[in-house]
Each structure stands twice: as C-alpha cells, then as structure tokens.
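Below: the structure, in structure tokens.
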Amino acid sequence: GENVEQHPSTLSVQEGDSAVIKCTYSDSASNYFPWYKQELGKGPQLIIDIRSNVGEKKDQRIAVTLNKTAKHFSLHITETQPEDSAVYFCAASISSNYQLIWGAGTKLIIKP
Amino acid sequence: GAGVSQSPSNKVTEKGKDVELRCDPISGHTALYWYRQSLGQGLEFLIYFQGNSAPDKSGLPSDRFSAERTGGSVSTLTIQRTQQEDSAVYLCASSWDMNTEAFFGQGTRLTVV
C-alpha cells in the first residue's frame, strides 16, 4: 500500500528566512498531494494542494513542487512570519481511492 | 453551520464507560472521515463514509469502536468499554467527494481516567 514519509520532523528557521518540508510517496499511481497546517488546538486546514498533471503551484508565500519521477513533493514557505509556526502535514492519494495517506508531520518553529 | 462541528469538545470518562462522539459535517458534503490523533503525533485514519455507507472500516482499532452516519449527514463514533489508550483527539473531516479538500472540525479531546 501507499506510504508517505515526511522530513524533517522539526524545523526551526529565523523569521524572514525560507522553510522547506519534503515528502516522499511509494505508490506511483498517487495523483493528489495536499498540504495541511495544524495550529495548536485546532484541526488541520488545507493550505495548498497539487495534482499530478502539474509540477509546481504557488500561492503568495507558499509553493509546492512535485517530482513524479522521484516520487517526492515539497512545501516551500518564503519570508516566514511568526504566524507560520504550526505543524504541517503532507498527504497523498489515488483518485480511485478515498483514502489520504498522511505524513507524520513537521513542527515548524519561526524564531523572532 | 459554516464548518464541521464536533461535540463535545472535551470529554473525560472513566475507564470501562462508553462514549459517543458526534460530527456535523458541512451541508452537502458526501464524504466524511474520522481520524485519531495522539499528542504530538500524526493522523490515524479510522473510517470513511461515502453517504451513509462505510466502504472501509479496517482503520478502527478494535471491535470496541463503531461508527454510523445517518441521512448522509451527522455521524457518531462510539467507543465501548473505554481504555486509557483510547485517550486522544478524535478529528472529523468532510469533503464534497473523495480527493477534494477535506475540512476538519476542532476535534474532541477524549481523556480516559
């Protein structure tokens, strides 16, 4: 079955610097890759997603890149701000299958 | 409501008691998911509903766990004879269909003492 690995488990960056979180997946049939942000005491919230027919998607300071050959995708956050501090989860799924397979999460800490 | 609503937000129960957790999805969403999240951990898939049907219940940890969904809307997750290892946050999410954005509720924090 599908397996998603996420790295690093914790990432600490200086405010204003960029942060990159990487995920790899095992099933080459996976075609949907969302990223969720979870703040303390709240449920995860979708911040960006990408489907396998594109290689990159950007939304203001957030971007996601997908390398289907290598079966990995990454979240890039530029000009980090204190409110970016949270736990970020990647996930992958196949269109014919309901189930999102989740990474273990990355705790992002923005140092002032 | 505007979002996914879960109740109660917090539940403390004695070991051995039964508990029922409720999820009100966003109106019109056909897909509904239950997850469990232990402190500082990732999301553990429990069950998925498409309408009132649950195609896959294999994520439920034991036969003490059950879930139902009625009218294609509200879902309840029941845990019988609770154990201390059941303590976690139980998250519900809904989406228009599978592989579309899932909207999460705030979760129910269950503590078994």
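What you see is a predicted model, and the numbers here were worked out from it, not measured in a lab. Below, read A as the first sequence line, B as the second, and so on, with proteins coming before strands; counting in each chain starts at 1.
Smallest separation of non-hydrogen atoms from B:Thr100 and A:Tyr32: C-OH, 3.9 Å. The minimum heavy-atom distance linking B:Gln37 with A:Phe89 is given by the pair NE2-CZ, 3.6 Å.
With a 4.5 angstrom heavy-atom cutoff, A:Pro44 touches chain B via backbone and side-chain atoms both. Of the atoms belonging to B:Glu44, not a single heavy atom falls under 4.5 Å from chain A. The parts of B:Ala102 that come within reach of chain A are both its backbone and its side chain, each placing non-hydrogen atoms under 4.5 angstrom from that chain. For A:Gln38, the part lying near chain B is the side chain, with the backbone staying farther off; criterion is any non-hydrogen pair under 4.5 Å. B:Phe103 does not touch chain A: none of its heavy atoms, backbone or side chain, sits under 4.5 Å away.
Here the CG atom belonging to A:Leu100 is positioned 8.5 Å from the OG atom belonging to B:Ser95, to the nearest 0.5 angstrom.
The neighbour count for A:Glu83 CD, taken as heavy atoms of other residues, nucleotides or ligands under 6.0 Å away, is above 12. Counting heavy atoms of neighbouring residues, nucleotides and ligands inside a 6.0 Å radius, atom CD of A:Gln45 does not exceed 12 of them. In this structure, A:Glu15 places its CD atom where more than 12 heavy-atom neighbours from other residues, nucleotides or ligands lie under 6.0 Å away. Within a 6.0 Å sphere centred on CD of A:Gln60, heavy atoms belonging to other residues, nucleotides or ligands number 12 at most.
A:Val4 and B:Leu46 fall into different hydrophobic clusters, where Ile, Leu, Val, Met, Phe, Trp and Tyr side chains are chained together by heavy-atom contacts under 4.5 Å. In the hydrophobic clustering of ILVMFWY residues, with side-chain heavy atoms under 4.5 Å counting as a link, A:Ile110 and A:Leu11 come out together.
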